[in-house]
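Here is the structure we will look at.
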Amino acid sequence: VAGGRGRAPEEEELLLPPHRRFPRDRGGPTPAFSLAGECRGRMEEGKAHSPHEVFAHLEMLEAQARAADVKEEEAKRQAEKLDRLKARVRELTCQRDELQAKVDLQQKGQLGKEGVVSDPAQPSAHAVLEWKIKNVKDMLQVFYLTGISGKLTEQGVCFCISTAYEGTYLDSYYLDLLTKPQVYIFRHSIPTFIPLAQLAKKYLQTDIRRFLSVLSNHLNAYAARRYQADQLQEHFSDQIEGTLQTNSLCNLLVFNYNVSNKSKTFPFNVRLLYGDLCSSVPTKVTVSCTPGYWLGKCHR
Amino acid sequence: MDNSICQVYEDKIQSLEEEIKLLTEKYEDYQQESTFYSDEEILMSKKSFQREFWRPSQGYEYLPDLRDQLESLEMDLSFIMKFTGIHFTSHFKKTVEKTRNRTVWKHRLSGNCHSLSFQVEFQLLEVQNKENVSVVVSDLSVLMSCGGDSYVSKFVSSIEEHGNLLQFFRSLSSYAEWYEHRRCTFLHFKAKYPNFVALPEGLLGHYIILRNPKPSGQLPNEEGRITPLLDLLTKVPEQVLAWKMAAIENAPTGFRSMLLLFGIEAAIENLIKVVSLGK
């Protein structure tokens with residue numbers, strides 16, 4: 001009932017050009033000249049008016065009457081709509097309250113016993129199977145947390161490699177493998193800067209587990225570096241001058257920050273290089289102070 | 001003017017529908033989490049479900065789906081457990097908090113990876129953001145069967161401190177694989193050279209002894225101890241396998257370089273040959 005977009009037939013007719021309108025029966029004879037009383041307001045008294053003017057005036061009056069009708073219909077529709085909405089609100093409130101009571105009862109029952117219990121009434125096969133399906137789905141979801149999960153497909157397997165930094169899970173990546181006649185990668189969502197082809201060449205045919213393991217190492221390290229860079233930008237944005245610069249593999253990070261000392265501020269530039277692509281710890285850090293004052297270099 | 005009143009009611013309807021959805025989910029979650037059916041019950045249900053299907057009074061499209069769906073899911077689960085080596089033996093899940101955008105669960109998982117048993121407990125927070133869903137693990141607690149091992153306990157504390165659940169499983173998987181490799185390696189050499197190889201701690205032990213059984217007047221009995229060590233402490237998700245030799249005077253000093261050149265198996269073979277020759 002969004003705004004009542006449909007037009008009543010009367011409305012439709014109003015939009016037609018005058019010569020296309022059909023005279024409507026208003027439940028009583030309304031010949032042109034018996035509307036003389038109303039005509040007085042609009043037409044000059046005593047003056048002779050052409051039939052055309054009279055008819056135009058009549059059409060206008062008819063239009064007004066129709067408009068009033070439409071308004072009445074509209075108001076009725078609005079009232080009906082409002083009633084429907086009110087009824088719906090009552091219905092839903094009732095449903096909500098019932099559910100709330102059920103949930104509260106569950107919670108109360110929960111305080112009594114912690115253990116798991118089989119449904120005392122004889123459960124239908126349907127209910128048992130539905131329960132088991134959810135149960136197995138939950139178990140499959142847990143594998144997502146372990147880093148490598150997957151499901152069988154018609155012609156192979158689709159693996160999902162998840163990444164995380166400490167307790168926070170980050171992006172996951174997919175590898176759709178076909179297993180016949182040989183193992184090969186059908187589709188994947190691995191970013192281009194990860195050396196997928198190299199790794200596949202080295203391990204895919206001989207040891208899939210190893211392949212996934214090494215790939216997971218690369219992806220997790222990349223995700224961790226990127227996450228750390230994002231966190232640095234987010235939490236130290238007031239101290240960092242401008243934005244953090246990094247390459248797509250996030251193994252090169254450059255940023256500037258200022259250190260103030262009484263009246264003078266010293267601009268520092270930091271360059272972090274992560275030489276080991278499977279590590280989220282930098283291998284070389286260069287800190288320099290411009291202009292020209294080179295402070296030092298440290299190696300890990 | 002009327003429209004604004006309608007809008008108020010429409011907003012109310014939307015909010016009620018959301019509440020109902022949330023409450024329904026809460027109710028169903030609780031039902032799911034507090035119910036348990038044994039394997040026999042499930043097997044019986046599968047069988048009786050089959051019978052129900054053949055009754056022409058019921059619709060055909062809906063009924064077979066449940067059984068097939070379950071079988072397909074069980075096959076997926078069985079595959080992934082076999083592939084990763086991680087077998088979960090029990091899983092308790094409880095919804096602790098649920099609002100429109102935020103859900104918190106408590107999980108308790110037990111299982112084993114090859115011969116290593118573990119139990120983990122943690123809280124999982126899922127938050128629905130505008131673009132994505134964020135998942136965070138907290139309150140992680142880990143128990144391992146070989147917890148006595150000093151390396152393992154250091155590893156476990158590091159994992160717990162940072163809530164590094166994913167890292168735990170990845171390392172577990174690697175460790176268990178190398179554990180298996182070591183066991184197979186020991187078995188292989190024991191079978192091949194029964195006279196020269198002794199396993200004082202058995203197949204799961206930490207070291208292997210290579211000895212020359214032929215007493216030779218001139219030379220002392222040579223003993224070589226090879227202890228594979230797994231360094232699980234590094235944050236870097238690569239394990240470092242270090243083979244250490246307990247030094248004996250005539251032990252080949254170039255064992256480590258031999259290891260790198262020829263690989264583990266060949267290195268040990270060579271070592272055994274050297275020992276057997278009674279050099």
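Ring geometry, F83(B) versus F159(A): the interplanar angle falls from 30° to 60°, so the pair is classed tilted.
To the nearest 0.5 Å, atom CD1 of residue I13(B) and atom CG of residue L92(A) are 6.5 Å apart. Taken to the nearest 0.5 Å, the CG atom of L70(B) stands 11.0 Å off from the CD atom of E130(A). In this structure, L140(A) CG and F79(B) CZ are separated by 11.5 Å, a value rounded to the nearest 0.5 Å. Atoms CG and CD, on L140(B) and E166(A) in that order, are 12.0 Å from each other to the nearest 0.5 Å. Taken from CG in L152(A) to CE in M75(B), the straight-line distance is 5.5 Å, to the nearest 0.5 Å. With rounding to the nearest 0.5 Å, the separation of SG in C94(A) from CG in L16(B) is 11.0 Å.
Counting only heavy atoms from C-beta outward, the side chains of F143(A) and M81(B) approach each other to under 4.5 Å. Side-chain contact between K46(B) and K132(A) is absent, with no heavy atoms from C-beta onward closer than 4.5 Å. Considering only heavy atoms from C-beta on, R170(B) comes within 4.5 Å of I148(A) through its side chain. A heavy-atom distance below 4.5 Å is found between the side chains of T146(A) and F88(B). In this structure, the side chains of Q78(A) and C6(B) come closer than 4.5 Å at one or more pairs of heavy atoms. The closest side-chain heavy-atom distance from L82(A) to I5(B) is below 4.5 Å.
Around atom CD of Q141(A), no more than 12 heavy atoms belonging to other residues, nucleotides or ligands sit under 6.0 Å away. For NZ of K134(A), the number of neighbouring non-hydrogen atoms (other residues, nucleotides, ligands) closer than 6.0 Å is greater than 12. The 12-atom threshold is not exceeded at NZ of K151(A), counting heavy atoms of other residues, nucleotides or ligands nearer than 6.0 Å. Few gaps surround NZ on K98(B); more than 12 heavy atoms of other groups in view lie less than 6.0 Å from it.
The two atoms that bring Q106(A) and K26(B) nearest to each other are OE1-O, 4.1 Å, heavy atoms only. Closest non-hydrogen pair, V128(A) versus E41(B), comes out as CG1-O, 4.2 Å. Taking each heavy atom of L166(B) and S162(A) in turn, the nearest pair found is CD1-O, 3.5 Å. Nearest approach of A125(A) to S48(B), heavy atoms of both residues: CB-OG, 3.2 Å. Heavy atoms only, all atoms of each residue included: L109(B) and M139(A) are closest at CD2-CE, 3.7 Å. Nearest heavy atom pair, residue N135(A) against residue Q32(B), reads N-NE2, 3.4 Å.
With chain A as partner, the option from T84(B), I42(B), T24(B) having the largest number of non-hydrogen pairs under 4.5 angstrom is I42(B). Each of T163(A), I208(A), L129(A), V103(A) has some count of heavy-atom pairs under 4.5 Å with chain B, and the biggest count is that of L129(A). The greatest number of non-hydrogen atom pairs below 4.5 Å with chain A, out of V136(B), I86(B), L165(B), V135(B), is found for V135(B).
Of the atoms belonging to F168(B), not a single heavy atom falls under 4.5 Å from chain A. Residue I159(B): no heavy atom, backbone or side chain, is found under 4.5 Å from chain A.
Screening R88(A), K86(A), K81(A) for a side chain to side chain contact (heavy atoms under 4.5 Å, CB included) with Y9(B), the sole residue that qualifies is K86(A).
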